[in-house]
Amino acid sequence: MVEFFIITPIGLEKLALDELQLKLSMLNIQDFKTKELKGGIQLETEDIQLGLNLNYFLKIPTRILLRVKEQKCRDLPKLFKIMKRIDWKHYLRQENIQFIISASKSRLINTKRIEETAIDAISAYFNANRISKKVLLENIPDQQIYLRFHEDLLTISLDTSGSPLYERSTHIYRGKAGIRENFCSACLSFLIKDQVINNSQLIDPMCGSGTFLKEASSFFKENRKDFAFVKWNLELKPLSITLENRWNFTNIKGIEIDPKVVANKDPELNIEQGDFYNLKDFETPTIIIINPPYGKRIKIKDPNTFFIKLIEKCKSLNNLISFGIIIPTPYSFNIPCKRRLKFNQNSIKVEFLVF
């Protein structure tokens with residue numbers, strides 16, 4: 001069995017697991033095991049390419065690690081031996097390595113000496129096992145290797161993703177209070193869960209540059225970017241998989257008050273200039289999602305009143321199936337709602353409230 005660890009923002013682990021299981025079932029894959037852990041999902045499978053290819057499909061996680069080795073390690077000489085014995089030539093086509101090291105309740109706690117030992121071990125490996133010039137690649141980003149020491153147990157993992165998975169949007173112009181792509185997908189999944197959305201539309205009436213709109217339209221589409229594993233010295237089959245769009249909205253639309261953002265919008269997105277408070281009853285069943293200003297980058301005179309007014313405006317609209325709104329926790333605690341999701345958005349503790 002091959003083991004992967006799918007890193008996920010704290011608080012979003014259950015949603016990430018739901019997404020993983022849904023998309024594996026859509027791929028008709030059954031021979032796997034999953035386990036929800038703090039900060040991520042553990043996946044065991046017989047197929048290494050399956051775990052690698054999840055980079056193309058998963059929207060909520062941050063990155064995917066391949067577990068290379070797990071072994072007791074209490075001193076630096078042992079670390080050197082373990083690192084040198086790994087057959088790195090199957091993965092690496094480069095010698096530029098970045099180490100991500102964490103140590104807790106371990107006899108090895110000096111991260112600088114750990115890194116020096118790991119560098120020496122990989123150098124010694126490549127001195128004995130030269131990378132063929134046919135496969136050696138230059139001018140590519142450093143390969144990240146994760147070394148985790150916990151109670152003298154060493155876990156060595158290879159980053160398969162490269163840049164974080166949420167870095168998938170190219171906005172020409174961003175608003176002042178943007179939200180990360182994987183948080184958008186998590187909120188959308190949480191909002192849409194168990195709802196019948198046939199013949200309904202999705203509207204973000206404070207859409208900024210339209211990240212919610214992009215994530216809603218691409219949740220089942222392939223992530224198009226270069227991943228670290230593509231540069232590995234592995235023989236992989238070309239990817240040829242298409243997922244059915246389960247979020248088949250009749251319309252995905254954004255409204256933004258800032259004319260600069262609208263003027264520089266992505267031409268593929270349906271965004272028009274307007275004021276949220278001028279919204280009128282909908283002609284078709286509608287779901288609303290909002291990431292309003294929190295009062296940090298865009299000042300708000302009375303946050304309590306501001307958020308309550310947003311909620312009351314949504315509740316006043318006819319033909320609304322449901323709506324979700326992100327509110328900082330100091331103001332969200334006492335607001336009754338159907339469901340709530342806690343997470344950190346740009347180091348601000350927030351809750352996504354569903355009504």
Next item on the list: Would you mind reporting whether Lys253 and Glu272 have side-chain heavy atoms less than 4.5 Å apart?
Entry: yes

Margin query: Show the nearest heavy-atom pair for residues Ser163 and Arg63, with the distance to one decimal.
Written below: C-NH2, 4.3 Å

Margin query: If we ignore hydrogens and angles and just use 3.5 Å, is the side chain of Tyr146 paired with the main-chain N or O of Ser102 as donor and acceptor?
Written below: no

Note to self: Closer than 3.5 angstrom, by distance alone: can the side chain of Asp258 be matched with the main-chain N or O of Gly208 as a donor-acceptor pair?
What the structure shows: no

Item checked: Side chain proximity check, Tyr91 to Ile145, heavy atoms < 4.5 angstrom -> no

Check: Taking only residues two or more places apart in sequence or in another chain, which ones pass ring pair (Phe, Tyr, Trp, His ring centres under 6.0 Å) with Phe282?
Finding: none

Notebook entry, point to check: Do Leu239 and Glu222 come close enough that some side-chain heavy atom pair is under 4.5 Å?
Noted result: yes

Check: Hey, is the main chain of Ser347 close enough, under 3.5 Å, to the side chain of Asn344 for a donor-acceptor pair?
Finding: no

Next item on the list: Taking Asp281 for its side chain and Asn318 for its backbone only, find out whether a donor-acceptor pair lies under 3.5 Å.
Entry: yes

Checklist line | Donor-acceptor contact below 3.5 Å, side chain Asp266 vs main chain Glu268 | finding: yes

Check: Is the number of heavy atoms from other residues, nucleotides or ligands under 6.0 Å of Arg113 CZ greater than 12?
Finding: no

Notebook entry, point to check: Is Tyr56 reachable from Ile7 through a run of hydrophobic residues whose side-chain heavy atoms are each under 4.5 Å from the next?
Noted result: no

Margin query: If only side-chain N and O atoms count, and only distance matters, is there a donor-acceptor pair under 3.5 Å linking Gln201 with Thr286?
Written below: yes

Check: Just by modelled atom types, is the Val350 backbone N or O under 3.5 Å from a matching donor or acceptor in the Thr329 side chain?
Finding: no

Checklist line | Close aromatic pair by centroid cut-off 6.0 Å: Phe183 and Phe352 | finding: no

Item checked: Side-chain donor or acceptor of Glu351 paired with backbone N/O of Leu353 under 3.5 Å -> no

Check: Has Lys309 got its NZ or CZ under 6.0 Å from the middle of the six-membered ring of Tyr277, at an angle within 45 degrees of the ring axis?
Finding: yes

Item checked: Positive for side chain to side chain donor-acceptor pair (under 3.5 Å) with Gln98, one of Gln143, Glu115, Gln144 -> Gln144

Next item on the list: Flag yes if more than 12 heavy atoms outside Asn278 fall under 6.0 Å of its CG atom; otherwise flag no.
Entry: yes

Item checked: For the student: nearest non-hydrogen atoms of Ile311 and Phe323, plus distance -> O-CZ, 3.9 Å

Check: Do Ser332 and Phe307 come close enough that some side-chain heavy atom pair is under 4.5 Å?
Finding: no

Check: Is it true that Glu244 and Arg246 make a salt bridge, defined as a side-chain N closer than 4.0 Å to a carboxylate O?
Finding: yes

Notebook entry, point to check: Does NZ belonging to Lys237 count more than 12 external heavy atoms closer than 6.0 Å?
Noted result: no

Note to self: Do the side chains of Arg107 and Asp152 get close enough for a salt bridge, i.e. N-O under 4.0 angstrom?
What the structure shows: yes

Note to self: What I'd like to find out is whether the side chain of Thr62 reaches to under 4.5 Å of the side chain of Pro9, using heavy atoms alone.
What the structure shows: yes

Note to self: Between Ile122 and Met83, does the side chain to side chain contact (heavy atoms under 4.5 Å, CB included) criterion hold? Intermediate values first, please.
What the structure shows: CA-CA 7 Å; Ile122 287 187; Met83 294 288 293; 4.0 Å; yes

Checklist line | Nearest atoms (heavy-atom pairs only) where Cys314 meets Phe276 | finding: SG-CZ, 3.8 Å

Check: Quick one: do Phe5 and Phe57 end up in the same hydrophobic cluster if we chain Ile, Leu, Val, Met, Phe, Trp and Tyr together by side-chain heavy atoms under 4.5 Å apart?
Finding: no

Next item on the list: Kindly check if the number of other-residue, nucleotide or ligand heavy atoms within 6.0 Å of CD1 (Ile10) is above 12?
Entry: yes

Next item on the list: Look only at the side chain of Arg168 and the backbone of Arg224, and say whether a donor-acceptor pair between them is shorter than 3.5 Å.
Entry: no

Checklist line | Side chain proximity check, Phe32 to Asp47, heavy atoms < 4.5 angstrom | finding: no

Note to self: Could you see if Leu43 belongs to whatever hydrophobic cluster contains Leu234? Use Ile, Leu, Val, Met, Phe, Trp, Tyr and a side-chain cutoff under 4.5 Å.
What the structure shows: yes

Notebook entry, point to check: Angle class for the Phe229/Trp232 ring planes (parallel below 30°, perpendicular above 60°, tilted otherwise)?
Noted result: perpendicular

Margin query: Which residue in the set Lys59, Glu215, Arg180, Glu19 passes side chain to side chain donor-acceptor pair (under 3.5 Å) when paired with Ser185?
Written below: Glu215

Note to self: So which atom in Lys193 and which in Asp18 form the shortest heavy-atom distance, rounded to 0.1 Å?
What the structure shows: NZ-OD2, 4.0 Å

Check: Looking only at heavy atoms, which two atoms of Pro164 and Lys225 are closest? And how far apart?
Finding: O-NZ, 2.8 Å

Check: Just checking, Lys23 and Phe219: is the charged tip under 6.0 Å from the six-membered ring centre and within 45° of the axis?
Finding: yes

Margin query: Counting only heavy atoms from other residues, nucleotides and ligands, does the tally under 6.0 Å from NZ of Lys35 exceed 12?
Written below: no

Note to self: For residues Ile86 and Ile119: do they belong to one hydrophobic cluster (side chain heavy atoms under 4.5 Å, members Ile, Leu, Val, Met, Phe, Trp, Tyr)?
What the structure shows: yes

Margin query: Taking the side chain as everything from C-beta on, heavy atoms only, tell me whether Glu36 gets closer than 4.5 Å to Ile41.
Written below: yes

Next item on the list: Answer yes or no: is there a donor N or O on one side and an acceptor on the other, between the side chain of Glu13 and the main chain of Gly39, under 3.5 Å?
Entry: yes

Margin query: If hydrophobic clusters are built by linking Ile, Leu, Val, Met, Phe, Trp and Tyr wherever their side-chain heavy atoms come under 4.5 Å apart, do Leu188 and Ile287 end up in the same one?
Written below: yes

Margin query: Is there a side-chain contact between Tyr294 and Ile326 in this structure, where contact means two heavy atoms from C-beta onward sitting under 4.5 Å apart?
Written below: yes

Next item on the list: Write down the atom of Glu46, the atom of Met1, and the distance for their closest heavy-atom approach.
Entry: OE2-SD, 3.1 Å

Next item on the list: Check for a donor-acceptor pair, side chain of Thr160 on one end and backbone N or O of Ile64 on the other, with a separation under 3.5 Å.
Entry: yes

Notebook entry, point to check: Is the distance between the ring centroids of Phe126 and Trp88 less than 6.0 Å?
Noted result: no

Next item on the list: Take Ile109 and Ile114, measure what side chain to side chain contact (heavy atoms under 4.5 Å, CB included) needs, and give me the verdict at the end.
Entry: CA-CA 8 Å; Ile109 58 173; Ile114 290 171; over 6 Å; no

